[in-house]
Each structure stands twice: as structure tokens, then as C-alpha cells.
2 protein chains.
Amino acid sequence: MSTERREPLDRRRVADTALRLLNEVGLDGLTLRAIARELDVKAPALYWHFKDKQALLDEMATEMYRRMVAGSALDPADTWQDRLLKANRGLRTALLGYRDGAKVFSGSRFTGIEHAGQMEDNLRLLTAAGFTLAQAARALTTAYLYTLGFVTEEQGVQPLPGERREGYDMDERARLMADFPLSAQAGAEIFEDYDRHFEEGLALVIGGIGARYGVS
Amino acid sequence: MSTERREPLDRRRVADTALRLLNEVGLDGLTLRAIARELDVKAPALYWHFKDKQALLDEMATEMYRRMVAGSALDPADTWQDRLLKANRGLRTALLGYRDGAKVFSGSRFTGIEHAGQMEDNLRLLTAAGFTLAQAARALTTAYLYTLGFVTEEQGVQPLPGERREGYDMDERARLMADFPLSAQAGAEIFEDYDRHFEEGLALVIGGIGARYGVS
DNA sequence: TTGACAACTTAACACCGTTAAGGCGACTCT
DNA sequence: AGAGTCGCCTTAACGGTGTTAAGTTGTCAA
């Protein structure tokens, strides 16, 4: 008989396990019972640490963000363009690291205020570069929302890098689109090479920020 | 005894009712049983018309798009900027018309190819204005993804225009953010006046498109 | 030794999406 | 006119879900 007693859970460990499980089973398969099983515990035990499932998802999103920030130290010498590029590339990479990452992320709220550190840093850099605070906020959120929208759509087609969801057969699509030649041709390109397309869109946004706010 | 026989359902009628119900109960409350009750039918009856719940959600998204297109005739004399503005304002308005509209929309796929008409029209206008097809596609999608990301976040805070979700107390937020003065000040602005902020971000994107692709 | 408290388990509830089987009115074919 | 087919729906049920209530167990303090 193993008299070893598991040391008690805490929110971080639960969120960590849930994130690992998320990649195996996806958001739909991420049930409290499955998470509990993985932690060698029964489902109601999770309610000791979280008031409901959404609170657990919130903690998962927060942990995703923590790891993203930890994974990339910011260079104070960055230009504002560099910073926007790095921050949003980093965000996309972080989200792509988990199946349904964008959905989990955008459906949740952070549990603390740790994220404000990065935000503050970015706002400081942009205002120092000549933006007003309102402009800086608008610039950061616009790029952020673009990235979130992009990855959400991307993961709708490609749950994890390499996999591809059904119903996206390009040949059949082309046949149906016979009456819409431009759309057909554009679509064939749109659903591939997400990396390049993301970069291109991000460049559009960043270029627009510089142009409209007269900062370069 | 009422011997009146309901006339049979069809996909459109089901989607229509489901959309109406969505505004009352939200996506979480939108169960097949509730939809069926509204249609004076039992839940399994819906499986005659849809292979599963996702197919119904797809039809709802398609119906949302149909109404959006129907609600705003496009002016062939639009400049490409006008078109991008109108299309994305229209999309946002359409999504805001339903509780959790952005989530339903971005989690679903269109059931037909009706949407290709509008797409084709937009691509034609942009290429005629001097964009290459690839540029036109990138421009349209980037703006589209921004709008989708924006409304998703917006509806996370404000499910329906006028309402406001709990946990967004601005005073408490300011107190917690005492150590992050820029974030505190920016945040106070970010969570209000979504209309203006949407316009501002959209202008950034459109400005970026013009600048980067050298079309004006 | 007692009592409090943190961290769990067991049992149950209401509800969910979905499937299988069957009923029933309307239409067609002979 | 009767039999058979088919579209559209119902009844019943299944396994699974998030969640709650109540009870258990080990640990540590008074």
C-alpha cells in the first residue's frame, strides 16, 4: 500500500495540468472530470480551488500569459515598431502553443494584475517615442485585437500546427467558387501560409499606426 | 381541439428562432431543448434538419451574414476606403445585434457560398483601385480580423449594447493598478466608448493598407 | 485531548447533445 | 379504394456534463 500522500493541489498546478491536457483533447474534451483524473483526484475537489470552471479557464489564460512573458525578455532599446512586432509575434506563438489557445484566451480574464507590468512597459515605450497615451493605448490594442482575431481564425482551420480540420478541401472549394474567380483565387492563398499572412497583416497595422500618428 | 397543423420547419425558420432566442438567453443558454420549445417541437426533431448542433450554429452564422448583406446595399462608386469602412462597420453592427454574436460567428462556417458574392465584389473594387489580388485579399482579411477581434472583446465586456458584464468595476480596477499609472489611465479609457475606439482602430488599419500598398 | 480547519471523497441533481425506434398524416401507385 | 412509401416528428433512453451538499480524513494548535 502506498502511504505516500500527494501534496495538496494549488491553482497553478491545476492550470498547468489542464493546459497540458488541453493539447491532447481540445477545449471540448477538457472536462473537469478529465482534469481531475489527470491530477489523481475527483472532480469536485477542483471546487476547493476554483469557484467554477470559468475561474479555472481564467487561471489557464493567466498562466499562458505568464509563460509568454517569461519566454521573451523585452529589450528596452526596441523601437516602438520592434516592440509591437515582438509582442504580437510572441502572442501568436503563445496562442498557437495550445489547441484552441485563442478561444481559451479571449474567453477568459486574467486573475491578477501581473499582466499590467508588460502593459505599463509598452505604454512607457510608446509614449517615450512620441505617442500620446491615448494613441499608445489605441496602437497596442488594435494590434492586439488583430492578432487575436487572426489566431482565432487560424486555429479554426488548423487546430495545432501541422494538423488540419476537416471541411477545408481546397479542390472542392475551387469547384464551388467557379462563379467567383477572384474569391476562388484569393481563397486558395488565404488558407495557406499563415505565417506570412500574419506578418503581412501585422505590418499593415503597424504601418498604419506610424502613418496616422505621425511617429516613425 | 386545435386541429391546425403547424407547417413543417425548415433550416431558415429554425435558425431565425434560434437567433431570436440567442438574444434572450445567450450562447450558454441556447440549448436544443430551448430552441425546440420555442418552435413548439421536441428537441430530436431538430436532427431532421441539422446533423448536429454545430450545423445549426453554422446556419445561424450564415443567416446573420445574409441579414448583414441585405441591410446595406453596396455603392459601386465607393472608394476602396469607403468600402472597407462600410463593410467593417456593417459587420460590427451586425455582430452587436446578437448577444455573443462574435463568438457564434467566428466559431462557425457558412453553409453555402452566398457570401462569396460580397467577397467577389470587394475584391473587384480593390483590384480595380490598383491593388494586386493578393494585396486586396490581405487588406480585406486584415480589416475583417481586426473587426472580429474587436467585437469579440467588446462583447466580453458588454454582452448587449447597454448591458455590462460583472467584474468590470472601474474604481476597483484603478485601485489595483496604483503601481501602473499609465495602464490605469489607459484602461479607464479603453473600457468605454467602444464606438470611437473601433473607428480609430479601423482608421489605423485602413491607413496602413494605403501606406504600405501605395494606393490612395 | 479536543477542536478547528484545509483538502478532499461520495453521492446525487438537473440538464445537456445525441441516437434508436416508432408513429402518423399525406401522397402515390395499382 | 387499399397498400405502400416517405417526410417529419415523438417517445424513451443513454452517457456525459458542471455543480452542490454532506461527510471523511489528516494535520496542527490550544
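None of the values given here were measured: they were computed from a predicted structure. Proteins come first, then strands; the chains are lettered A, B, ... in the order of their sequence lines, and each starts at number 1.
One atom, NZ of A/K42, and another, C1' of C/dA11, lie 12 Å apart when rounded to the nearest Å. One atom, CG of B/L39, and another, C1' of D/dT10, lie 15 Å apart when rounded to the nearest Å. Per the geometry, CZ belonging to A/F50 stands 14 Å off P belonging to D/dG18, to the nearest Å. In this structure, B/E7 atom CD and C/dA26 atom C1' are separated by 15 Å, rounded to whole Å.
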Next on the checklist: So if I define the base as every atom that isn't primed, P, OP1 or OP2, how would nucleotides 19-24 of chain D read as a B/S/- string at a heavy-atom cutoff under 4.0 Å?
Outcome noted: BB----
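For residues 44-55 of chain A, the set of pairs meeting the salt bridge (charged side-chain N to carboxylate O under 4.0 Å, His left out) definition, not counting sequence neighbours, is empty. The salt bridge (charged side-chain N to carboxylate O under 4.0 Å, His left out) contacts involving residues 180-189 of chain B comprise B/E189-B/R196, where partners must be two or more places apart or lie in separate chains. Applying the salt bridge (charged side-chain N to carboxylate O under 4.0 Å, His left out) test to residues at least two apart or on different chains, the pairs with a partner in residues 57-75 of chain A are A/R11-A/E59, A/R12-A/E63, A/D16-A/R67, A/E59-A/R66, A/E63-A/R66, A/E63-A/R67, A/R66-A/E114. For residues 50-75 of chain B, every residue pair satisfying the ring pair (Phe, Tyr, Trp, His ring centres under 6.0 Å) rule, not counting sequence neighbours, is listed here: B/Y65-B/F110. Note on residues 154-163 of chain A: pairs passing side-chain hydrogen bond (donor to acceptor under 3.5 Å, both in side chains), not counting sequence neighbours, are A/R92-A/E154, A/R99-A/E163.
Annotation: side chain of A/L32 is in contact with side chain of A/L56 (closest heavy-atom distance under 4.5 Å). The side-chain heavy atoms of B/V205 and A/T142, taken from C-beta on, include a pair separated by under 4.5 Å.
Around the CG atom of A/D10, the shell of radius 6.0 Å holds more than 12 heavy atoms that belong to other residues, nucleotides or ligands.
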Distances for protein N or O near nucleotides 22-24 of chain C N or O, under 3.5 Å:
none

Between protein and nucleotides 5-8 of chain D, what N or O pairs are separated by less than 3.5 Å?
{"residue": "D/dC8", "atom": "OP2", "partner": "B/W48", "partner atom": "NE1", "Å": "3.3"}

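Residues passing the side-chain hydrogen bond (donor to acceptor under 3.5 Å, both in side chains) test with A/H197 are B/R138, sequence neighbours excluded. For B/E200, the salt bridge (charged side-chain N to carboxylate O under 4.0 Å, His left out) test picks out A/R212, with sequence neighbours left out.
Applying a 4.0 Å cut-off to non-hydrogen atoms, none of the residues of residues 15-26 of chain B approaches DNA chain C.
In the set C/dC8, D/dT17, C/dG17, C/dG17 carries the atom at the smallest distance from any side-chain atom of B/T31.
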Checklist entry - B/Y144 and A/Y146: ring-ring contact (aromatic ring centres under 6.0 Å, His included), yes or no, with the steps? => result CA-CA 9 Å; B/Y144 168 79; A/Y146 160 71; over 10 Å; no
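The distance from the CG atom of A/L46 to the CG atom of A/L39 is 6.5 Å, given to the nearest 0.5 Å.
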Show me, pair by pair, the donor-acceptor contacts under 3.5 angstrom made by side chains of residues 116-126 of chain B, not counting sequence neighbours?
{"residue": "B/E120", "atom": "OE1", "partner": "A/L182", "partner atom": "N", "Å": "3.4"}
{"residue": "B/E120", "atom": "OE1", "partner": "A/S183", "partner atom": "N", "Å": "2.8"}
{"residue": "B/E120", "atom": "OE1", "partner": "A/S183", "partner atom": "OG", "Å": "2.6"}
{"residue": "B/E120", "atom": "OE2", "partner": "A/L182", "partner atom": "N", "Å": "2.9"}
{"residue": "B/D121", "atom": "OD2", "partner": "B/R83", "partner atom": "NH1", "Å": "3.2"}
{"residue": "B/N122", "atom": "OD1", "partner": "B/R83", "partner atom": "NH1", "Å": "2.8"}
{"residue": "B/N122", "atom": "ND2", "partner": "B/Q118", "partner atom": "O", "Å": "3.4"}

